[in-house]
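These notes are about the structure you will find just below.
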Amino acid sequence: MTRSVPVRIRAAEERDMDAVHMLEVASFTDPWPLAGFREMLDQAHVRFDVAESEAGLLLGYLIVLRAADEAEVANLAVQPAARRSGVAGALLDRYLGGALSEGTCSVFLEVRESNAGARALYAVRGFEPVGRRKKYYRMPVEDALVLRRVL
Ligand SMILES: CC(C)(COP(=O)(O)OP(=O)(O)OC[C@H]1O[C@@H](n2cnc3c(N)ncnc32)[C@H](O)[C@@H]1OP(=O)(O)O)[C@@H](O)C(=O)NCCC(=O)NCCS
């Protein structure tokens, strides 16, 4: 059962980038480089949100890329110590709640087949499998499941 912690969600800024990248490295075996996050800042087609604690500590981030009436969840991670506290759910729900009014009809994402926690998180929010990308991930090599949520 998720225990809920107070979370503030806001647009990411340059001052968040070092902490975002540290969380990325702690969360993925094949992390994005720091420059990859900086490139996402202040772009009209990118939604880049951070969740922070009441004390201003980074708890998680969400990156969504928009194109026409579709969007893709490109990155999502939560601090290991803050997991199962509803942080990812809060980030996703806040984005999804406004996506239709931004003109997005479908949201896609890829997830490692073995990532049961993330798959459960997305399933609860109505994401359904629509495809598979063979050997999409490295370290270790693994298929991606493509999930879609129709809004
Ligand atoms: C996946 C991840 C983002 C989830 O973040 P989180 O803040 O812990 O997720 P939430 O607390 O909002 O979880 C909401 C629901 O998702 C499901 N869930 C999340 N993590 C789970 C896990 N490890 N095992 C089973 N279910 C899980 C549960 O249904 C959970 O509700 P519950 O706690 O009431 O059972 C986090 O574990 C993470 O950063 N993992 C490493 C990076 C990653 O895999 N990112 C996603 C790539 S597609």
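Just the heavy atoms: all of them, side chains too, but no hydrogens, waters or symmetry mates, feed the values below. As the structure lists them, so they are numbered: ligands from 1, and atoms in each ligand from 1. Note that the structure is a prediction, hence the values are computed from the model and not measured.
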- Message: Heavy-atom contact check, 4.0 Å cutoff: does Gln79 meet ligand 1?
- Response: no
Using distance alone, determine whether Ala90 and ligand 1 share an N or O pair under 3.5 Å. no
- prompt: Centroid-to-centroid, Phe127 to Phe108, below 6.0 Å?
  reply: no
Within 4.0 Å of some non-hydrogen atom of Asn115, the atoms of ligand 1 are 43 (C), 44 (O)
Using distance alone, decide if ligand 1 has a nitrogen or oxygen within less than 3.5 Å of any nitrogen or oxygen in Leu76.
yes
Counting from 1 in the order shown, the ligand 1 atoms closer than 4.0 Å to a non-hydrogen atom of Ser85 are 11 (O)
### Query
Using a distance-only test with no angle check, is there a side-chain donor-acceptor pair under 3.5 angstrom linking Glu142 and Ser114?
yes
Atoms of ligand 1 under 4.0 Å from any heavy atom of Val87, numbered from 1 in the order shown, are 7 (O), 12 (O)
Ligand 1 atoms nearer than 4.0 angstrom to some heavy atom of Gly89 are 12 (O)
Quick note on ligand 1: atoms under 4.0 Å from a heavy atom of Ala77 include exactly 39 (O)
Numbered in order shown, the ligand 1 atoms found under 4.0 Å of a heavy atom of Leu121 are 12 (O), 13 (O), 14 (C), 16 (O), 17 (C)
Phe48 vs Phe37 aromatic rings, parallel, tilted or perpendicular, using cut-offs 30° and 60°? tilted
Near Glu110 (heavy-atom distance under 4.0 Å), the atoms of ligand 1 are 48 (S)
In ligand 1, the atoms that come under 4.0 Å of a heavy atom of Tyr122 are 46 (C), 48 (S)
Interatomic distance, CG@Leu145 vs OH@Tyr136, rounded to 0.5 Å, equals 12.0 Å
Exactly one candidate in Val78, Val111, Leu76 meets side chain to side chain contact (heavy atoms under 4.5 Å, CB included) with Leu121; the answer is Leu76
State, without any angle test, whether Glu128 and Tyr122 hold a side-chain donor-acceptor pair at a distance under 3.5 Å. no
Q. Is there a heavy atom of Ala116 sitting under 4.0 angstrom from any atom of ligand 1?
A. no
Is a side-chain donor or acceptor of Glu110 paired with a backbone partner of Leu147 at a separation under 3.5 angstrom?
no
Is there a donor in the side chain of Thr104 and an acceptor in the side chain of Arg149, or the other way round, less than 3.5 Å apart? no
